[in-house]
Amino acid sequence: MKIEFAPLYIPWERRLQTASVLQWVFCFFCMAQCSIALFILLLFTRFWLISALYAVWWALDWDTPSKGGRRSHRMQNSVVWRYMKDYFPVSLVKTADLDPSKNYVFGCHPHGIFPAGGFINFGTEATAFSKHFPGLKPHLMMLSMLFRVPFFRDYVMSLGFISSDKESVSYVLRKKEGGNIVMIVVGGAKETLHARPGAYTLVLENRKGFVRLAIENSTPLVPVFSFGENELYDQVENPKGPWVRWTQDCLQKIMGFSLPLFYARGIFQYTFGFIPYRKPLFTVVGKPIQVEKKHNPSQDEVDKLHKRYLEALCKLFEEHKLKYNVPEDTHLSFI
């Protein structure tokens with residue numbers, strides 16, 4: 001295998017873009033583990049009081065991830081995210097105005113290996129979300145167990161993340177003043193196993209919990225599609241049946257997240273590594289689907305709204321795919 005090294009002379013702007021993406025990948029890969037290690041390590045040094053005081057704060061702050069979180073506007077407006085946005089680059093595309101007096105559920109697709117489009121557009125101000133949708137505040141969701149990690153929990157909450165359990169979502173959607181958006185990457189961990197260039201397979205056919213939540217809270221559903229998300233990484237072939245896919249499926253069921261065998265480029269060379277490719281991302285926010293409130297919706301009512309949602313998502317994809325270099329004969333498929 002011939003290794004393609006990066007040129008020695010690269011503009012500082014591009015170097016800073018790569019550095020910003022590198023720290024983001026590190027956060028996904030290692031920050032939680034490093035945070036646990038640091039917390040334990042400090043207990044056995046003269047700085048033990050830091051961990052002790054944090055433990056007290058941690059106990060007092062335990063329920064915050066389930067009560068709307070604690071975002072930091074300074075963190076969301078950091079220059080780091082603007083460099084990351086320019087690395088790909090990432091664009092936010094608005095197709096309809098949203099009423100800031102209402103709450104919304106955004107269904108984000110596809111998951112990709114890491115949902116870069118969802119993170120940049122809705123977890124930061126790099127693409128000026130607040131100017132596109134004034135008066136609205138997005139809340140991204142993350143596995144509840146990750147909010148039990150010291151230090152790391154504060155970092156992700158500063159970017160608008162909340163716990164992914166039902167109580168946490170309902171707390172946000174029941175705020176009468178409106179202006180809140182719950183971002184649900186519906187395909188979840190299972191969908192990462194289908195994330196590869198040219199793939200448009202979504203794990204959505206039997207994912208109906210977000211629809212039931214929308215009905216129970218009378219919250220409009222908004223389909224969102226990020227064109228280019230699956231182009232950021234290559235993935236080792238993992239068809240159904242062989243031991244690789246069997247192992248991945250088992251780990252996903254046990255741990256709640258999957259382990260796709262992915263690769264892209266490195267820091268100083270372009271042949272292999274874990275930094276995503278420089279491919280443009282276009283996150284298109286569709287039109288809201290109005291929902292009638294039912295305290296205890298029947299399965300038939302859930303199925304009907306779920307069908308309407310799939311139709312709206314397909315329509316959104318078909319209307320915009322040619323603009324973003326998706327072949328005309330390509331269509332979404334659901335599993």
Side-chain angles (χ1 to χ4, degrees), residues 6 10 12-38 69 71-92 108 110-129 138-143 146-147 149 151-162 164 183 185 188-189 191-192 195 197 224 226-235 257-270 272-283:
I10 294 178
W12 270 106
E13 187 81 6
R14 288 177 68 87
R15 291 185 186 276
L16 290 171
Q17 291 168 8
T18 303
S20 68
V21 173
L22 178 62
Q23 66 81 30
W24 175 70
V25 172
F26 166 80
C27 291
F28 263 88
F29 267 125
C30 309
M31 190 174 179
Q33 298 90 319
C34 291
S35 296
I36 294 171
L38 177 63
R71 70 182 60 238
S72 164
H73 294 290
R74 179 176 294 181
M75 185 66 173
Q76 291 186 308
N77 283 281
S78 171
V79 68
V80 171
W81 310 125
R82 293 201 293 274
Y83 280 119
M84 183 176 168
K85 182 260 294 184
D86 292 337
Y87 173 89
F88 295 100
V90 181
S91 300
L92 179 61
C108 300
H111 185 287
I113 298 297
F114 302 133
F119 176 80
I120 283 293
N121 286 299
F122 308 120
T124 80
E125 274 293 316
T127 56
F129 176 89
H139 301 265
L140 290 87
M141 296 173 63
M142 182 173 278
L143 284 174
L146 293 175
F147 288 98
V149 178
F151 307 125
F152 179 74
R153 67 190 294 277
D154 299 282
Y155 173 77
V156 293
M157 276 197 290
S158 72
L159 292 166
F161 282 86
I162 61 172
S164 61
M183 320 291 309
V185 185
E191 199 169 270
T192 64
V224 179
S226 286
F227 291 89
E229 192 74 65
N230 283 345
E231 313 302 312
L232 303 184
Y233 285 96
D234 287 306
Q235 185 174 175
F257 57 89
S258 58
L259 293 173
L261 301 176
F262 61 91
Y263 59 94
R265 52 157 290 190
I267 303 172
F268 303 111
Q269 46 74 33
Y270 302 138
F272 59 89
F274 298 114
I275 296 180
Y277 297 122
R278 283 182 181 265
K279 298 291 180 68
L281 275 169
F282 300 92
T283 300

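Values in this document were obtained by computation on a predicted structure and should not be read as measured data.
- The aromatic rings of F119 and W24 are tilted relative to each other, their planes meeting at an angle between 30° and 60°.
- A 4.5 Å side-chain heavy-atom check between N230 and Q235 finds every atom pair outside the cut-off.
- Side chains of F88 and P276 form a contact here, defined as non-hydrogen atoms less than 4.5 Å apart.
- Panel note: side chain Q23, backbone S20; a donor-acceptor pair is recorded below 3.5 Å.
- Of the residues listed (L140, L146, L143), the one engaging F161 in a side-chain contact (heavy atoms from CB on, under 4.5 Å) is L140, and it is the only one.
- A donor-acceptor distance shorter than 3.5 angstrom exists from the side chain of R71 to the backbone of P138, with no hydrogens or angles considered.
- Sorted by first and then second residue, the salt bridge (charged side-chain N to carboxylate O under 4.0 Å, His left out) pairs involving residues 152-161 (not counting sequence neighbours) are D61-R153, R70-D154.
- The CZ atom of F268 lies 10.0 Å from the OG1 atom of T18; values are rounded to the nearest 0.5 Å.
- In this structure, the side chains of Q33 and F152 stay at 4.5 Å or more apart for every pair of heavy atoms.
- Within the 4.5 Å cutoff, the side chain of I113 has no heavy atoms near those of the L232 side chain.
- Taking 4.5 Å as the limit, every side-chain heavy atom of M141 sits out of range of all side-chain heavy atoms of V185.
- One distance of note links OG1 of T124 with CZ of F129; it measures 11.0 Å at 0.5 Å rounding.
- Side chain of Q76 to backbone of G123: a donor-acceptor contact under 3.5 angstrom is found.
- Residues F122 and C108 have side chains in contact (heavy-atom distance under 4.5 Å, counting atoms from C-beta outward).
- Between the S226 side chain and the E229 main chain, no donor and acceptor come within less than 3.5 Å of each other.
- Atom CD of Q269 is separated from atom CD1 of I275 by 9.0 Å, given to the nearest 0.5 angstrom.
- Judged purely by atom type and a 3.5 angstrom limit, E231 has no side-chain atom pairing as donor or acceptor with the backbone of Y277.
- Panel note: side chain S158, backbone Y155; a donor-acceptor pair is recorded below 3.5 Å.
- In terms of modelled atom types and a separation under 3.5 Å, the side chain of R265 and the main chain of G273 share no donor-acceptor contact.
- Using a 4.5 Å heavy-atom cutoff, the side chains of H73 and E125 are not in contact.
- Every residue two or more places apart in sequence or in another chain was checked for a side-chain hydrogen bond (donor to acceptor under 3.5 Å, both in side chains) with Y263, and none qualifies.
- A 4.5 Å side-chain heavy-atom check between R82 and V79 finds at least one atom pair inside the cut-off.
- A ring-centre distance under 6.0 Å is not found for F274 and F114.
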